[in-house]
Protein chains: 2
Amino acid sequence: MTLNRLSVYLRCLRRLQVEGVSRISSNELAQRFHLSSSQIRKDLAAFGEFGIRGVGYEVNALANHLRTLLGLDRTHRVVVLGAGNLGTALSQFPGLQQEAFRIVGLFDISPDKIGKTIGGYLVRPLDQLHQVVVETEARLGILTVPAQVAQESYDLLADAGITAVLNFAPAQIKPRRGTSLRSVDIRVILEELAHHAVSQSLEG
Amino acid sequence: MTLNRLSVYLRCLRRLQVEGVSRISSNELAQRFHLSSSQIRKDLAAFGEFGIRGVGYEVNALANHLRTLLGLDRTHRVVVLGAGNLGTALSQFPGLQQEAFRIVGLFDISPDKIGKTIGGYLVRPLDQLHQVVVETEARLGILTVPAQVAQESYDLLADAGITAVLNFAPAQIKPRRGTSLRSVDIRVILEELAHHAVSQSLEG
DNA sequence: GGGTGTGAAACCTTTCACAGCT
DNA sequence: AGCTGTGAAAGGTTTCACACCC
């Protein structure tokens with residue numbers, strides 16, 4: 001199952017909590033956030049019976065269930081490799097410094113950056129990576145390095161004990177057993193949208 | 001079909017061009033970049049017969065075909081809404097200022113930022129959006145605004161004539177006919193990875 | 001009545017395996 | 001001989017529709 005959707009539901013529920021909504025049906029939830037009601041029910045039912053027939057879902061209870069299911073009831077330590085523009089922007093991303101995530105190390109290879117404080121984080125040299133990962137028990141890594149060094153950077157993270165990596169480098173990384181990999185290539189996404197943009201313009 | 005894969009193939013071909021490879025089979029391509037050879041053949045064959053049976057694919061020719069298919073033979077003007085950390089980082093992202101994309105406007109609502117130059121781009125007020133989009137014929141928009149104003153920002157872009165939007169705000173946007181939407185929620189991706197990280201650690 | 005939980009149906013994607021071309 | 005292009009098979013996901021419970 002696409003675990004991502006549980007995250008999206010949780011984001012929606014957080015919104016409802018702010019608005020003071022205490023109960024909601026799958027249909028209302030779907031309409032309110034442009035989702036599919038049957039998919040919501042299937043997804044949630046796959047992990048237990050969280051709803052009340054004839055009534056709907058209790059917002060607070062469901063949010064807590066999802067938080068537990070997603071493992072957000074603990075703090076996840078994150079290391080970031082690459083203190084360029086994207087790396088520093090992500091380090092300061094709201095939602096990455098609060099709740100379940102905490103950045104415990106920002107690393108770079110450039111002597112110009114090492115030792116400096118960028119966006120509130122001290123930039124460390126790569127040879128401290130292993131030590132930091134062991135000491136902080138970090139499990140998550142973010143890669144914002146140039147494409148040429150993406151593979152070796154991923155391997156460094158894996159060797160240091162990181163078990164899940166989010167890669168922003170535009171490169172095809174060979175994943176290892178034991179260290180999940182999720183890549184986001186902004187260029188690839190934009191190229192898809194460029195295609196849409198052109199088709200749309202022709203239609204209208 | 002997942003148009004994204006054509007982009008990935010193109011990225012791989014660019015790499016091969018740099019390495020001076022002139023011909024490649026679907027099998028080599030798959031092994032080299034950790035893809036599926038039958039999927040490569042299916043994807044490519046869906047748009048024409050680009051390969052030579054018994055030989056493979058001509059790297060340069062195929063790259064050019066893909067560039068045309070993806071609409072990368074023209075320049076796409078892009079406007080960015082939100083001159084925060086992520087917005088400015090993306091404005092300077094390599095690959096967004098070269099080849100087929102060109103940023104023609106960086107917009108923000110904050111009076112502190114308007115008029116200043118951030119990352120080489122003048123920050124403009126939102127009321128200039130429509131004019132800039134019309135004058136530059138921009139079709140692509142990037143949203144790096146806070147979640148609370150994501151919907152209205154998307155609507156502003158759509159009203160201005162933007163036909164494809166890449167949204168980084170952690171909000172569920174209601175798409176309109178005529179303006180495609182692709183959302184990337186870093187929090188959602190990290191939450192999925194957090195789950196993986198925990199499961200992996202238990203296994204090991 | 002109203003809304004969840006769920007088998008079954010419809011749909012879409014990926015992999016397989018091989019005919020057919022070079 | 002070798003590799004593409006492609007129908008057929010397998011696998012997965014989404015939607016439908018309704019039994020069942022509150």
Side-chain angles (χ1 to χ4, degrees), chain A residues 1-10 12-13 16 21-66 69 172 175 180-183 188 192 195-196, chain B residues 1-10 12-13 16 21-66 69 172 175 180-183 188 192 195-196:
Chain A
M1 212 273 294
T2 328
L3 207 61
N4 276 350
R5 283 203 301 267
L6 292 190
S7 268
V8 171
Y9 300 155
L10 178 55
C12 297
L13 291 168
L16 291 172
V21 178
S22 64
R23 274 184 188 163
I24 195 160
S25 71
S26 59
N27 253 304
E28 284 171 71
L29 195 58
Q31 281 195 256
R32 178 83 173 64
F33 297 100
H34 327 108
L35 304 163
S36 141
S37 63
S38 53
Q39 190 159 66
I40 292 171
R41 293 200 301 278
K42 253 257 146 96
D43 287 345
L44 297 179
F47 293 94
E49 297 212 358
F50 300 136
I52 309 153
R53 292 173 196 226
V55 177
Y57 298 89
E58 203 73 37
V59 173
N60 286 332
L62 183 56
N64 288 335
H65 275 301
L66 292 184
L69 280 173
Q172 213 62 21
S180 346
L181 173 66
R182 182 81 151 63
S183 288
V188 166
E192 187 199 354
H195 189 90
H196 284 146
Chain B
M1 212 272 294
T2 327
L3 207 61
N4 276 353
R5 284 202 302 265
L6 293 190
S7 269
V8 171
Y9 300 154
L10 178 56
C12 298
L13 291 169
L16 292 173
V21 178
S22 63
R23 274 186 188 162
I24 194 160
S25 72
S26 60
N27 253 305
E28 284 171 70
L29 197 58
Q31 280 195 256
R32 177 81 174 63
F33 297 102
H34 327 108
L35 303 164
S36 142
S37 65
S38 53
Q39 189 159 68
I40 291 172
R41 291 200 303 277
K42 253 250 149 96
D43 287 345
L44 296 180
F47 293 95
E49 297 213 357
F50 300 137
I52 308 153
R53 292 175 194 222
V55 178
Y57 299 88
E58 203 71 36
V59 173
N60 287 331
L62 184 55
N64 288 334
H65 274 303
L66 291 184
L69 280 173
Q172 213 63 18
S180 347
L181 173 66
R182 183 78 152 61
S183 289
V188 166
E192 187 199 352
H195 189 91
H196 284 146

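So that the names make sense, note that chain A is the first sequence line, chain B the second, and so on, each numbered from 1.
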B:Tyr9 side, atom OH; B:Tyr57 side, atom OH - distance, nearest 0.5 Å: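 B:Tyr9 OH to B:Tyr57 OH: 9.5 Å, rounded to 0.5 Å.
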CG on B:Leu3 to NE2 on A:His195, rounded to 0.5 Å: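 Taking NE2 in A:His195 and CG in B:Leu3, the distance rounds to 5.0 Å.
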Under 4.0 Å between any heavy atoms, over every strand shown, what does [X] touch: base, sugar-phosphate, or nothing? Just pick one.
| X | result |
| --- | --- |
| A:Arg23 | nothing |
| A:Ser36 | sugar-phosphate |
| B:Ser37 | nothing |

How long is the line joining [atom1] of [X] and [atom2] of [N], in whole Å?
| X | N | atom1 | atom2 | value |
| --- | --- | --- | --- | --- |
| B:Arg53 | C:dC21 | CZ | P | 7 Å |
| B:Asn4 | C:dT14 | CG | P | 11 Å |
| A:Leu29 | C:dG3 | CG | P | 13 Å |

Min side-chain heavy-atom separation B:Phe50-B:Asn64 under 4.5 Å: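 Not in contact.
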pair A:Leu6-A:Leu10: side-chain heavy atoms closer than 4.5 Å: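 Contact flag for A:Leu6/A:Leu10 side chains = no.
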Interface limits on DNA chain D, where chain B has a heavy atom under 4.0 Å of a nucleotide atom: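 The contact span of chain B on DNA chain D goes from D:dG2 to D:dA8.
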Compare every heavy atom of [Y] with every heavy atom of [X], then report the nearest pair and how far apart it is.
| X | Y | answer |
| --- | --- | --- |
| A:Ser37 | A:Ala30 | N-CB, 3.6 Å |
| B:Val59 | B:Leu13 | CG1-O, 3.8 Å |
| A:Ile40 | A:Ser26 | CD1-O, 3.7 Å |

Pair listing, salt bridge (charged side-chain N to carboxylate O under 4.0 Å, His left out) test, anchored in residues 23-32 of chain A, at least two apart: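 Every salt bridge (charged side-chain N to carboxylate O under 4.0 Å, His left out) pair that includes a residue of residues 23-32 of chain A, provided the two are not neighbours, is A:Glu19-A:Arg32, A:Arg23-A:Glu58.
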Close residues, residues 38-46 of chain A, relative to DNA chain C [heavy-atom separation under 4.0 Å]: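 Contacting residues: A:Arg41, A:Lys42, A:Ala45.
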